[in-house]
Visitor: 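Once you've had a glance at the structure underneath, I'll fire off some questions.
Every chain is numbered from 1, with letters handed out A, B, ... down the list of sequences.
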Amino acid sequence: MTDSPTRYPIRVYNTLTKTKEPFETIEPGRVGMYLCGPTVYAEAHIGHMVGPVIFDTIKRYLAFCGYQVTWVVNITDVDDKLIQRSQQRGISMFQLATQMTADYLSNLQSLGVDQIDRMPRATDSIDEIIAFIEELIQRGFAYESEGDVFFDVAKDPEYGRLSNRSADEQQGEGGGAASRKRSAGDFALWKSAKPGEPSWPSPWGDGRPGWHIECSAMSRGILGKTFDIHGGGLDLVFPHHENELAQSRCCHGQPMVRYWLHNGLMRASTEAGKVGGRSERDAGTEPNAGAEPATVTDAVSGKISRSKGAGGLASLIARHTGERIRFFLLRSHYRSTTIFGDEPLLEAGTALEAFYRLFDRFQRITGKSVYDLPFASRRADFTTPSIPNPLVSELLPLRESFLSKMDDDFNTGGATADLFEMARAINRFIDGQSLEENKSPVGIEALQQGMQILREMAALLGIFLKPVPKSSSDDSSGKLVGELMGLIIKLRADARVRKDFATSDAVRDGLQAIGVAIQDGKSGTTWQVKS
RNA sequence: GGCUCCGUAGCCAAGUGGCUAAGGCAGCGGAUUGCAAAUCCGCCAUGCGUGGGUUCAACUCCCACCGGAGCCUCCA
């Protein structure tokens, strides 16, 4: 019973054609996917996580549909900014890159991004890069000029198609390179080294790769000359992806990529940057940037920008948990601009709490952790229960709805609606069967089967995979705390039996004040630490 | 100036040429509760920026305008 991916009507929006197209792989059942990763010269900010989270989700989904996916994310560890920043800090470029790569990786881990197969570094690929440049020169698409090598944009009639621009309107890179270029739009493939800069020997003298060439060289090395999906932020469409595309197509005489997928950018929710509000530009007032402690934004536009010093993702994750941030990112469509701030993140957390409470409830009834439940990892593996299960019958249409939204350009925002509907159906089932009071084996079995469906769908989004550390059911809260709470609840229950509500309410209010919420249910009192 | 994209209830946010325009947060009623909380049920956009046009029919297509964002230089 192999799963044939072609049976699923997946459609993706392709930036190159500006339309949604049926997803068909080059090689049946296999997907090569490349995402432009970070230039590791500074700490990551939340905007850098949009791509990794959505592509992580895309990979999970494609794998679920039966594809064998190879996902590559590159690390740009040589670049002008890296050199500049490392000199400022008095460390080597390699030290800086190592530190910032570690920061990036830990952020990915916090957000549950663990599907990446290969993370090649530019500096590990110098030989491939040089070989690629040599091929371009041989084919007449690049030229050497005083130790630099440039791509000759004029030689590529298709240049500009991805970003819908014509080559002659380009300003090109600034600096002193202009005099060495044939035309302004030409971009560097190889940059000659100035004294003291990190460099590698090449046929054109010591130097380093230009920005775009590494992606062409590394994607070819791992995924081949033509591969299925290339992704990145919308801001990379021009010039980065346009240039990559030109290099690879001209070098190989075949298309580089089947589908170009671009995620929307993130904006901070400053007063001025608010959608519908007046822009700072028009208002002509001095912007007050830095309202968000975790990010520094471009004061004029509200855009999150690392060049303005944005970063501090780690503290944001500490405040909100990685799962909350991930869920927040997946609640809207990946191509849309997302407004980011503490408020929307808090709201995502509130929404998530309902699921966590359901999971606690599940554990009280079944004695099992939701996180230990098995679930189908392939779309075709799902089998309906042999015994009629009213809960599963209710959940299956929601599962179909969820999957059809994911089929449609990975509409995670639409799909989350079905997750909420599932949670409601499960709660309704528990209420209707009074499962917390009379734990009927038939009901419990039905509940578990139902919960597996919710779990299966959530796993596609990369959420609810493991317990959130703050949950009271988690032993990280401490055994002692659990025992103390047990004692407090027992004493309070005694007070309630005596109808001494003044005492019981005082206990509840007191706990509330220190961040512990309690609920009196029919089968006892539950509690959790509020985040 | 050129090129893209967006404008859906108090807020966030899916979606569609034609049945009752998802879901979440907040709010309001009800069930439940000693009271709460949680959970469940119900309510909450005669309308999808504004004005035209195409069409039997548009929120969905086209045009104009207003407002917002991005790219055109490094940027996820």
Visitor: In the strands shown, is B:rG29 matched to any nucleotide by a Watson-Crick or G-U wobble pair with both distances under 3.5 Å, and which?
Guide: B:rC41

Visitor: Measuring from atom NZ of A:Lys522 to atom CG of A:Asn438, what distance do you get when rounded to the nearest 0.5 angstrom?
Guide: 10.0 Å

Visitor: Find the partner of B:rU16: check Watson-Crick (N1-N3 plus N6-O4 or O6-N4) and G-U wobble (N1-O2, O6-N3) distances, both under 3.5 Å, and reply none if neither fits.
Guide: none

Visitor: Mind calculating the distance between CE (A:Met422) and P (B:rC40) to the nearest angstrom?
Guide: 15 Å

Visitor: On the ring face of A:Phe238, is A:Arg165 found with NZ or CZ under 6.0 Å from the centre and within 45° of the axis?
Guide: yes

Visitor: Please report the distance separating the P of B:rC43 from the corresponding atom of B:rA22, rounded so that it comes out in whole Å.
Guide: 11 Å

Visitor: Do A:Glu244 and A:Ser216 have side-chain atoms, one donor and one acceptor, less than 3.5 Å apart?
Guide: no

Visitor: Write down the distance separating the P atoms in B:rC66 and B:rC56, rounded off to the nearest Å.
Guide: 32 Å

Visitor: When the nearest nucleotide of RNA chain B is assigned to A:Arg361 and to A:Thr338 on a heavy-atom basis, which residue is associated with the more 5' position?
Guide: A:Thr338

Visitor: Let's see if you can work this out: which of B:rC72, B:rC11, B:rG34 has an atom nearest to the side-chain heavy atoms of A:Arg496?
Guide: B:rG34

Visitor: To the nearest Å, how far apart are A:Leu330 CG and B:rA13 P?
Guide: 14 Å

Visitor: Looking only at the side chain of A:Arg357 (C-beta and beyond, no hydrogens), which of the listed nucleotides B:rC71, B:rA14, B:rU39 gets closest?
Guide: B:rU39

Visitor: Select base, sugar-phosphate, or nothing to describe what A:Leu265 touches, counting heavy atoms under 4.0 Å on all strands.
Guide: base

Visitor: A:Arg492 has a side chain; which of B:rC3, B:rG34, B:rG24 sits nearest to it?
Guide: B:rG34

Visitor: Under 4.0 Å: is that the gap between some side-chain N or O of A:Ser336 and OP1 or OP2 of B:rA14?
Guide: yes

Visitor: Would you please indicate if the ring centroids of A:Phe355 and A:Phe420 are separated by under 6.0 Å?
Guide: yes

Visitor: Is any N or O donor-acceptor pair between the side chain of A:Glu421 and the base of B:rG23 shorter than 3.5 Å?
Guide: no

Visitor: Could you check which nucleotide pairs with B:rU73 in any of the strands shown, counting Watson-Crick or G-U wobble with both distances under 3.5 Å?
Guide: none

Visitor: Hey, mind stepping through A:Arg60 and A:Asp56 against salt bridge (charged side-chain N to carboxylate O under 4.0 Å, His left out) and telling me if it holds?
Guide: CA-CA 6 Å; A:Arg60 287 172 195 274; A:Asp56 181 88; 2.7 Å; yes

Visitor: Classify the nucleic acid contact of A:Ile518 as base, sugar-phosphate or nothing, counting any heavy atom under 4.0 Å across all strands shown.
Guide: base

Visitor: Is NZ or CZ of A:Arg455 both nearer than 6.0 Å to the six-membered ring centre of A:Phe464 and within 45° of the ring axis?
Guide: no

Visitor: What's the gap between B:rG18 and B:rA31 when it is taken at their P atoms, as a whole Å value?
Guide: 40 Å

Visitor: Sort and list the pairs that fulfil side chain to side chain donor-acceptor pair (under 3.5 Å) and have at least one residue in residues 397-407 of chain A, not counting sequence neighbours.
Guide: A:Tyr61-A:Asp407, A:Arg379-A:Asp407, A:Arg399-A:Glu456, A:Ser401-A:Lys405, A:Ser401-A:Asp418, A:Lys405-A:Asp418

Visitor: Starting from P on B:rC3, measure out to NZ on A:Lys18 and report it in whole angstrom.
Guide: 12 Å

Visitor: May I have the distance from A:Arg335 (atom CZ) to B:rC71 (atom P), rounded to whole angstrom?
Guide: 18 Å

Visitor: What is the separation between atom CE on A:Met266 and atom P on B:rA13, rounded to the nearest whole Å?
Guide: 10 Å

Visitor: Between B:rG24 and B:rC63, how far apart are the two P atoms, rounded to whole Å?
Guide: 36 Å

Visitor: Tell me whether the centres of the aromatic rings in A:Tyr104 and A:His48 are closer together than 6.0 Å.
Guide: no

Visitor: A:Gln519 CD to B:rC35 C1': how many Å, rounded?
Guide: 15 Å

Visitor: For A:Gly51, report the nucleic acid contact type (base, sugar-phosphate, nothing); a contact means any heavy atom under 4.0 Å.
Guide: nothing

Visitor: Say you pick atom P in B:rA9 and the same atom in B:rA45; how far apart are they, in whole Å?
Guide: 11 Å

Visitor: Determine the interatomic distance between C1' on B:rU50 and the same-named atom on B:rG67; round to the nearest Å.
Guide: 10 Å

Visitor: Mind checking if A:His240 touches a base, just sugar-phosphate, or nothing, with heavy atoms under 4.0 Å?
Guide: nothing

Visitor: So what does A:Arg331 hit on the nucleic acid, given a heavy-atom distance under 4.0 Å: a base, only sugar-phosphate, or nothing?
Guide: base

Visitor: Watson-Crick or G-U wobble partner for B:rG51, using a 3.5 Å limit on both distances?
Guide: B:rC63

Visitor: Nearest of B:rC41, B:rC12, B:rA76 to any side-chain atom of A:Glu347?
Guide: B:rC12

Visitor: Examine A:Lys20 relative to A:Tyr13 and say whether NZ or CZ is less than 6.0 Å from the centre of the six-membered ring and inside a 45° cone about the ring axis.
Guide: no

Visitor: Taking a pair as Watson-Crick or G-U wobble with both distances under 3.5 Å, which nucleotide is matched to B:rU46?
Guide: none

Visitor: With a 3.5 Å cut-off and just heavy-atom distances, do the side chain of A:Arg267 and the base of B:rG70 make a donor-acceptor pair?
Guide: no

Visitor: Quick check for you: among B:rC40, B:rC11, B:rC74, whose closest atom lies nearest to any side-chain atom of A:Asp431?
Guide: B:rC40

Visitor: Does OP1 or OP2 of B:rU39 have a side-chain N or O of A:Arg428 closer than 4.0 Å?
Guide: no

Visitor: Would you classify A:Ala351 as touching base, sugar-phosphate or nothing, given that sugar-phosphate means primed atoms plus P, OP1 and OP2, and contacts are heavy atoms under 4.0 Å?
Guide: sugar-phosphate

Visitor: Base, sugar-phosphate alone, or nothing: which one does A:Arg424 contact when heavy atoms must sit under 4.0 Å apart?
Guide: sugar-phosphate

Visitor: How close or far is atom C1' of B:rC41 from atom CZ of A:Phe420, stated in whole angstroms?
Guide: 19 Å

Visitor: Side chain of A:Asn427: nearest nucleotide among B:rA76, B:rC40, B:rC72?
Guide: B:rC40

Visitor: Is there a side-chain polar atom (N or O) of A:Asn164 under 4.0 Å from OP1 or OP2 of B:rU4?
Guide: yes

Visitor: Tell me which nucleotide, if any, is Watson-Crick or G-U wobble paired with B:rA22 when both distances must be under 3.5 Å.
Guide: none

Visitor: Could you identify which residues of residues 499-514 of chain A place a heavy atom less than 4.0 Å from some atom of RNA chain B, listed by residue number, or say none?
Guide: A:Phe501, A:Ser504, A:Asp505, A:Arg508

Visitor: Taking any heavy-atom pair under 4.0 Å as a contact, classify A:Gly521: base, sugar-phosphate, or nothing.
Guide: nothing

Visitor: Rounded to whole Å, please give me the gap between CG in A:Asp418 and C1' in B:rA22.
Guide: 8 Å

Visitor: Which whole number of Å gives the distance between the P atom of B:rG52 and that of B:rA57?
Guide: 16 Å

Visitor: Tell whether A:Asp520 reaches the base of B:rC35 with its side chain through a donor-acceptor pair below 3.5 angstrom.
Guide: yes

Visitor: Write down the partner of B:rA58 under the Watson-Crick or G-U wobble criteria, each distance required to be under 3.5 Å.
Guide: none

Visitor: One thing to verify: whether A:Asp520 and A:Arg492 come together as a salt bridge, which I'm taking to mean a side-chain N less than 4.0 angstrom from a carboxylate O.
Guide: yes

Visitor: Could you check which nucleotide pairs with B:rC5 in any of the strands shown, counting Watson-Crick or G-U wobble with both distances under 3.5 Å?
Guide: B:rG68

Visitor: Salt-bridge test for A:Asp360 and A:Arg364: reply yes if a basic N is under 4.0 Å from a carboxylate O, no otherwise.
Guide: no

Visitor: If we take the C1' atom in both B:rG15 and B:rU4, what is their distance in whole Å?
Guide: 22 Å

Visitor: With respect to the side chain of A:Arg165, which nucleotide from B:rC40, B:rC71, B:rA76 is positioned closest?
Guide: B:rC71

Visitor: If you measure only the distance, is there a donor-acceptor pair under 3.5 Å linking the side chains of A:Gln519 and A:Thr526?
Guide: yes

